[in-house]
Amino acid sequence: MKLEPITLYDTLLENYGKQNWWPVDHLYHINNNTDPRFEIIIGAILTQNTAWSNVEKAIKNLKQNKKMDIKNINKIDIAELKKLIKPSGFYNQKAIRLKNFSRYLKNNYSNNIDNLFNKETYELRKELLSLNGIGQETADSILLYAGKKPVFVVDAYTKRICKRIPIKNLDSYNDIQKYFQKKLSKKYSKKQDQVKIYNELHALIVIFAKQFCKKKPDCEMCIIQKKCKYYKNII
DNA sequence: GTCCAGGGCCGTT
DNA sequence: AACGGCCATGGA
């Protein structure tokens, strides 16, 4: 017995509703003209193994200092950048990673983010992965949430529920990603539909796993216990 | 005080 | 290929 990705999606959607990620600060965009894609990319780097509540503090600091823009990240003194993003943790390496990306966008795409996302998706993915500080999840988050590319994001939660529920007994990032994309694209063949469901499902997995399928799971209240082998084994 | 968070890199097997 | 140590803050 296993839970199909599409069934997981339907169940989570029914319980949580649409998430409409990436969680950008909408109030900010009313008062500013910065491209939200910058905020998504910067947030994707800042949230590496970090609680989003801490990332929000760093983002707020960047905004208050008008640095929520790749061009300004490129100009800012790195010591100042470290200070602003400090609440997000791992701030020494993350400052370098933000600098890396900003230099990359300037040198290779003339600071034009449309040029970046006009590139063929898997060519761009390979390129992002070659940057120091951009791994698979960060690259795919950038491609999906900023670039609207049909790429499913796998994270620690996805890996956990894959094994625990189970969905399919897979370990590697690529295998899990391929499996979800194969299953979901069967029902959603159009690119924009895939973007939408990959977007929603990843967001739903995050809130679901935070609430129930934690490292120490809260199975008693879990919304998918009936479909979960792990739950059936512990009762 | 302890645990953990929307990872990734690097060195060692 | 796979694994362990490391990076750091703030909330539960």
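All values reported here derive from a predicted model rather than from experimental measurement. Letters A, B, ... are given to chains in the order of the sequence lines, protein chains preceding strands, and every chain is numbered from 1.
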Could you give the [atom1]-to-[atom2] distance, from [X] to [N], as a whole number of Å?
X: A/Ile85; N: C/dT9; atom1: CD1; atom2: C1'; result: 11 Å
X: A/Glu137; N: B/dA5; atom1: CD; atom2: P; result: 12 Å
X: A/Asn61; N: C/dT9; atom1: CG; atom2: P; result: 14 Å
X: A/Phe90; N: B/dG7; atom1: CZ; atom2: C1'; result: 8 Å
X: A/Trp52; N: C/dA8; atom1: CH2; atom2: P; result: 19 Å
X: A/Leu46; N: B/dG7; atom1: CG; atom2: P; result: 13 Å
X: A/Asn49; N: C/dG10; atom1: CG; atom2: C1'; result: 14 Å
X: A/Asn100; N: B/dG8; atom1: CG; atom2: C1'; result: 12 Å

(request) Using the P atoms only, state how far C/dA8 lies from B/dC10, rounded to an integer number of Å. (result) 14 Å

Listed nucleotide nearest any side-chain atom of [X], set [options]:
X: A/Pro87; options: C/dG11, C/dA8, C/dT9; answer: C/dT9
X: A/Ala156; options: B/dC9, B/dG7, B/dA5; answer: B/dG7
X: A/Lys86; options: C/dT9, B/dG8, B/dA5; answer: C/dT9
X: A/Asn132; options: B/dC10, B/dA5, C/dG11; answer: B/dC10
X: A/Thr50; options: C/dG11, B/dG7, C/dA8; answer: C/dA8

(message) Can you see whether A/Asn92 engages A/Lys82 through a side-chain donor-acceptor pair at a distance of less than 3.5 angstrom?
(response) yes

(request) Tell me yes or no: between the side chains of A/Thr158 and A/Asp155, is some donor less than 3.5 Å from an acceptor? (result) yes

(request) Working to the nearest 0.5 Å, report the span between OG1 of A/Thr47 and CD1 of A/Ile59. (result) 8.5 Å

For [N], take OP1 and OP2 only and decide whether either is under 4.0 Å from a side-chain N or O of [X].
X: A/Tyr91; N: C/dT9; value: yes
X: A/Thr138; N: B/dG8; value: yes
X: A/Arg160; N: B/dA5; value: yes
X: A/Asn54; N: B/dC4; value: no

Heavy atoms under 4.0 Å, any strand shown: does [X] hit a base, just sugar-phosphate, or nothing?
X: A/Gln93; answer: base
X: A/Gly89; answer: base
X: A/Lys215; answer: sugar-phosphate
X: A/Ile134; answer: sugar-phosphate
X: A/Ala58; answer: nothing
X: A/Lys57; answer: sugar-phosphate
X: A/Leu129; answer: nothing

(request) For A/Gln225 and A/Lys232, work out which heavy atoms get closest and say how close. (result) O-CE, 4.4 Å

(message) I'd like to check A/Tyr230 versus A/Pro217 (side-chain heavy atoms, cut-off strictly below 4.5 Å). Are they in contact?
(response) yes

(request) Starting from the 5' end of DNA chain C, give me the residue, A/Ser172 or A/Lys94, whose nearest nucleotide shows up first. (result) A/Ser172

(message) Run the side chain to side chain donor-acceptor pair (under 3.5 Å) test on A/Gln211 and A/Asp218 for me, step by step, so that the C-alpha distance in whole Å, both residues' side-chain angles and the decisive distance to 0.1 Å come before the verdict.
(response) CA-CA 8 Å; A/Gln211 186 175 2; A/Asp218 181 8; over 6 Å; no

(message) Please confirm whether the ring centroid of A/Tyr109 lies under 6.0 Å from the ring centroid of A/Tyr104.
(response) yes

(request) Between A/Gly133 and A/Trp21, name the one whose nearest nucleotide on DNA chain B is closer to the 5' end. (result) A/Trp21

